Structure formats: C-alpha cells, structure tokens
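These numbers were taken from a predicted model, which means no experiment stands behind them.
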Amino acid sequence: MGIELRIKEALEHKGMTQKQLAEVTGIRPAAISSLVRCYVERLNLDHLERIAKALEIDDINELITWKKTSD
C-alpha cells in the first residue's frame, strides 16, 4: 500500500491553478508543483492543512488516498 495525493484532481475540480494555490496558501510554487506531481518523500501536514482550507475541503480523503501497489 502507498499514499496517493489527489491535489491535481482537487485543483481541477475547483478550477484553480497551481500558481493561484501557491498565492492563497503561501506555499512556494515549487513545493505545490512537487505535491501535484507526487514527487515528495515526506508530507508536510501544515501544507496539507493550508491546501485543504484553500480548496474548501472538509474530508482529507479528497486529498489523500491509499493506493494498492502490485507485489
């Protein structure tokens, strides 16, 4: 099992760009880009909280899901 970030889908659903999300959250655009592309080794909970608030997400499952990996 692994974690899959669904930030790209949440952005598309809200009609928001990565740049707009970076401006609203105060998170560096490069960090937003890495999260959207799932190129992160560790998740910053503060970043996830700010993203969820900016996208008006109440359920964290909209941003993070479990992904079944093949053995």
Side-chain angles (χ1 to χ4, degrees):
M1 295 285 244
I3 292 176
E4 179 179 50
L5 296 175
R6 300 183 43 81
I7 296 170
K8 180 180 180 180
E9 292 82 356
L11 281 171
E12 289 172 355
H13 180 73
K14 290 291 182 181
M16 185 181 278
T17 66
Q18 291 181 35
K19 181 179 178 182
Q20 290 169 325
L21 183 61
E23 290 170 357
V24 170
T25 59
I27 300 170
R28 292 179 303 109
I32 296 290
S33 177
S34 293
L35 288 167
V36 168
R37 293 180 293 131
C38 298
Y39 290 153
V40 292
E41 292 182 20
R42 294 182 291 177
L43 292 174
N44 182 318
L45 296 179
D46 178 60
H47 285 185
L48 287 178
E49 182 179 345
R50 287 194 258 169
I51 290 168
K53 285 180 182 178
L55 297 175
E56 299 175 345
I57 292 174
D58 295 324
D59 185 354
I60 197 68
N61 290 311
E62 292 182 45
L63 289 180
I64 301 173
T65 59
W66 284 107
K67 180 179 174 183
K68 196 175 210 179
T69 57
S70 59
D71 294 329

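Hydrophobic cluster membership is shared by L5 and L45, with clusters built from Ile, Leu, Val, Met, Phe, Trp and Tyr side chains linked at under 4.5 angstrom. When hydrophobic clusters are built by joining Ile, Leu, Val, Met, Phe, Trp and Tyr residues whose side-chain heavy atoms come closer than 4.5 Å, directly or via intermediates, V36 is grouped together with L43.
Between the CG atom in N44 and the CD atom in E49 there is a gap of 10.0 Å [rounded to 0.5 Å]. Annotation: the span from C38 atom SG to K67 atom NZ amounts to 7.5 Å, rounded to 0.5 Å.
With L21 as the fixed residue, the side chain to side chain contact (heavy atoms under 4.5 Å, CB included) test singles out one of I27, L35, L11: L11.
S33 places no side-chain N or O within 3.5 Å of a backbone atom of P29 that could act as its donor or acceptor partner.
Applying the salt bridge (charged side-chain N to carboxylate O under 4.0 Å, His left out) rule to pairs touching residues 9-32 yields K14-E56, sequence neighbours excluded.
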In residues 58-65, what donor-acceptor pairs under 3.5 Å come from side-chain atoms, sequence neighbours left out?
from : atom 1 : to  : atom 2 : distance (Å)
D59  : OD1    : N61 : N      : 3.0
D59  : OD1    : N61 : ND2    : 3.0
T65  : OG1    : E4  : OE1    : 3.3

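Side-chain atoms of I32 and I51, non-hydrogen and from C-beta on, do get closer than 4.5 Å to each other.
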